[in-house]
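Order of the sequence lines fixes the chain letters, A, B, ..., with proteins taken first and strands second; residue numbering starts at 1 for each chain.
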Amino acid sequence: MAVQKPSIPKGTRDFTPIEMVRRNYIFDTIRSVFKTYGYLPIETPAMENLSTLLGKYGEEGDKLLFKILNSGDYIDKVDQSIIKPGNSNQLSMAICEKGLRYDLTVPFARFVVQYQNELTFPFKRYQIQPVWRADRPQKGRYREFYQCDVDVIGSDSLLNEAELVMIINEIFTKLGVRTTLKINNRKILSWIADFIGYPEKLIDITIAIDKIDKVGIDAAIAELDGKGVSKDAIAKLHPILTLTGSNAGKIEKLRKMITDSEVGKKGVAEMEEFFEYLEALGHIKTEVELDLSLARGLNYYTGAIFEVKAKDVEIGSICGGGRYDDLTGVFGLKDMSGVGVSFGADRIYDVMLQLNLFPEKLLSSTKVMFTNFGRYEATYCLNAIRGLREKGISAELYPDATKLKKQFDYANKRNIQYVVIAGESEMQNRQFSVKNMTSGEQETIAFSNLNEYLLRKFS
RNA sequence: GUGGGGGUAGCUCAGCUGGUUAGAGCAUCAGAUUGUGGUUCUGAGGGUCGUGGGUUCGAGCCCCAUUCUCCACCCCA
């Protein structure tokens, strides 16, 4: 039988110990900040019923769902007439009732509705789990990746938006990633669509103006033209999108433009209140900019929308989110407004790796290694090793009595700081030789003083 | 879903207009050194050149198909 090449599915990755240590550093940082703001952890299953996932992410999103084949003789239970060429879409719906989660927000909405009587509102939760998208992988895009979500649900106060910005700022400051945070408001976008006379083209318009950043305003306008937006409308749109100045200045200009739209006024008022809170919270490192060209695709957002980009690396957004007023509505719970953002751990990893932002010392696990000269000598070390571990110093004994060169090699590669040598001569004098692997210095210590000696070294 | 680049040793790659036995560096293992590493020196192992077909006296190189991968678009973390 031919051997098979070891491989993993497209867009997925294995993580080696160094990578895991670094990823955990990111997760730990994010988690610790979430906790200090009072958010509580939850987890949901990797798979959800397709009915809870479908229709929440728009047409594009539905296509990117991984579906799970039913068990058993699923083909027998299906109307045989739908099994025909070119009908795989309908067929897949008939033979799959589960799918892998596409994000953490929709499962969270389902969770909230399901446990509404047990939860205390406003409910603040965080959730760090992988999600799956049947996208075509490329730079910074994977088919399996982790999201770190924080959401508050059951409160429409804009204090929550301000708090999320503080969280974003704190996390990226701790990780050493310089970022720009763009904020916009879906209500303002919807006023824009109204204002230029195409309220029904809101989605097309937002998608087009979202690209301004990437392809330039002219190309975005060309796209709108292609979607059937009139020249007049585009002329009305242009000055809005090219608004410049401070955040307060932009808000002021918008207020003057919006005369007869309730949604528009509400959107502007929200932004004003948000910036007021943010200012009161004091100076933060993250640059926060009101950007009217920001438009997140997910169509469940209804208020503020956020997007965070790394300043020093060209990669998609590393964090994004917004307010959704009625995500729980489809599951039968009305009037539950929520806001949340999601941190893309994998992209943050890529950014930090490229900028060399991971602390050097992350990889050292074992602090002290004992060399092994044989059964008799190894026995001499065992109790000392246990003593060190009890003091919280990670220690290990090299398991085989191979030549010392090999044992030292191992210690080097593992970044072990101290090697304890206990051979015949040390045993005769009830001693240990302790070698510092960075300086190369070696000292002889009495058997009973080893703990104390090493504790002093690590204090 | 659309478009481009690429698969040669464990890793990073070289390999001329097709020509004999496919190379290098790093890594691995062994020895120089039977109780001292990260430096050095010597040697060894490791490849059906992604897979399948075709052209040719002859294919790593040319042609076709297929697969995987990278990049861009779409969309997004």
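- We find that CD of A:Q407 is positioned 12 Å from P of B:U36, with the value rounded to whole Å.
- Separation of the P atoms belonging to B:U66 and B:G4 is 14 Å when rounded to the nearest angstrom.
- Within the cation-pi definition used here (under 6.0 Å to the ring centroid, within 45° of the axis), A:R23 qualifies as a partner of A:F15.
- Spacing between atom CZ of A:F408 and atom P of B:U39 amounts to 15 Å, rounded to whole angstrom units.
- Nucleotide B:U17 is matched to nothing when pairs are restricted to Watson-Crick or G-U wobble geometry with both distances under 3.5 angstrom.
- Following rounding to the nearest Å, A:R141 (CZ) and B:C71 (C1') show an atom-to-atom distance of 11 Å.
- Taking atom P in both B:C11 and B:U51, one finds a spacing of 15 Å when rounded to whole Å.
- Closest to the side chain of A:P137, out of B:C70, B:G37, B:A72, is B:C70.
- For A:N412, counting side-chain heavy atoms from C-beta on, the closest listed nucleotide (B:G37, B:C75, B:G35) is B:G37.
- Counting distance only, with no hydrogens placed and no angle test, the side-chain atoms of A:S425 and the base atoms of B:G35 include a donor-acceptor pair under 3.5 Å.
- Taking 4.0 angstrom as the limit, A:K10 places none of its side-chain polar atoms (N or O) nearer than this to OP1 or OP2 of B:U67.
- The same atom, P, is picked in B:C74 and in B:G3; the two are 15 Å apart, to the nearest Å.
- Within 4.0 Å of A:K435, counting heavy atoms only, lies at least one base atom of the nucleic acid.
- Between A:K406 and the phosphate of B:G35, there is no side-chain N or O to OP1/OP2 separation shorter than 4.0 Å.
- Using a 4.0 Å heavy-atom distance criterion, A:G316 is classed as making no nucleic acid contact.
- By the 30° and 60° cut-offs, the orientation of the rings of A:Y301 relative to A:Y324 is tilted.
- Residue A:I318 is classed as a sugar-phosphate contact, given heavy-atom separations below 4.0 Å to backbone atoms only.
- Checking B:A27 for Watson-Crick or G-U wobble geometry (two distances, each under 3.5 Å) identifies no partner in any strand.
- Atom name P, nucleotides B:U67 and B:C16: the rounded distance is 29 Å, in whole Å.
- In this structure, the aromatic ring of A:F373 is not positioned over the six-membered ring of the base of B:G35 within 5.5 Å between centres and 30° between planes.
- The interatomic distance linking A:E424 (CD) with B:U34 (C1') rounds to 13 Å, in whole Å.
- Between A:T438 and A:R143, the one whose closest nucleotide on RNA chain B sits nearer the 5' end is A:T438.
- Pairing partner, B:A22: none, since no Watson-Crick or wobble contact has both distances short of 3.5 Å.
- Protein atom CG of A:L65 is 14 Å distant from nucleotide atom C1' of B:C76, rounded to whole Å.
- Computed from coordinates, the A:I305 CD1 to B:C76 C1' distance equals 14 Å when rounded to whole Å.
- You'll find the ring centres of A:Y126 and A:Y37 outside the 6.0 Å limit.
- Across all strands shown, B:A65 forms a Watson-Crick or G-U wobble pair with B:U51, both key distances being under 3.5 Å.
- Classified by interplanar angle (parallel below 30°, tilted 30° to 60°, perpendicular above 60°), the ring pair A:F172/A:F343 is tilted.
- Atom name C1', nucleotides B:G6 and B:C13: the rounded distance is 13 Å, in whole Å.
- Contacts of A:K211 with the nucleic acid, taken as non-hydrogen atoms under 4.0 Å apart, involve only primed sugar atoms and P, OP1 or OP2.
- For A:Y398 and A:F370, the ring centers are positioned 6.0 Å apart or more.
- A cation-pi contact links A:R13 to A:Y142, judged by a cut-off of 6.0 Å to the six-membered ring centre and 45° from its axis.
- Between the P atoms of B:A24 and B:G47, the separation comes to 15 Å (whole Å).
- Nucleotide B:G3 forms a Watson-Crick or G-U wobble pair with B:C71, both donor-acceptor distances falling under 3.5 Å.
- Side-chain N/O atoms of A:R133 and base N/O atoms of B:A77 include a donor-acceptor pair closer than 3.5 Å.
- Contact annotation: side chain of A:R136 to base of B:C75, donor-acceptor pair absent below 3.5 Å.
- Annotation: B:G43 and B:U36 have their P atoms spaced 25 Å apart (nearest Å).
- Taking the nucleotide of RNA chain B with the nearest heavy atom to each of A:E60 and A:I8, the more 5' of the two is matched to A:I8.
- Residue A:D346 is classed as having no contact, given no heavy-atom separation below 4.0 Å to the nucleic acid.
- Using a 4.0 Å heavy-atom criterion, one finds that A:C319 contacts the sugar-phosphate atoms exclusively.
- Looking at A:K187 and A:R323, their side chains never come closer than 4.5 Å, going by heavy atoms from C-beta outward.
- Here A:G58 lies out of heavy-atom contact (under 4.0 Å) with every strand.
- Both cation-pi conditions hold for A:R133 and A:Y102: the charged atom is under 6.0 angstrom from the six-membered ring centre and inside a 45 degree cone around its axis.
- Nucleic acid contact for A:Y146: none, since no nucleic acid atom lies under 4.0 Å from a heavy atom of the residue.
- A:E59 comes within 4.0 angstrom of nothing in the nucleic acid, heavy atoms only.
- The local environment of CG in A:N383 is sparse, with at most 12 non-hydrogen atoms from other residues, nucleotides or ligands closer than 6.0 Å.
- B:U48 and B:U42 are spaced 32 Å apart, taking the C1' atom of each and rounding to whole Å.
- Note on A:G140: a base of the nucleic acid sits closer than 4.0 angstrom, heavy atoms only.
- Atom-to-atom, CZ of A:F108 to P of B:A77 comes out at 17 Å; the value is rounded to the nearest Å.
- Between A:K403 atom NZ and B:G31 atom C1' the separation is 8 Å, expressed in whole Å.
- Here A:Q138 does not reach the OP1 or OP2 of B:C70: none of its side-chain N or O atoms lies under 4.0 Å away.
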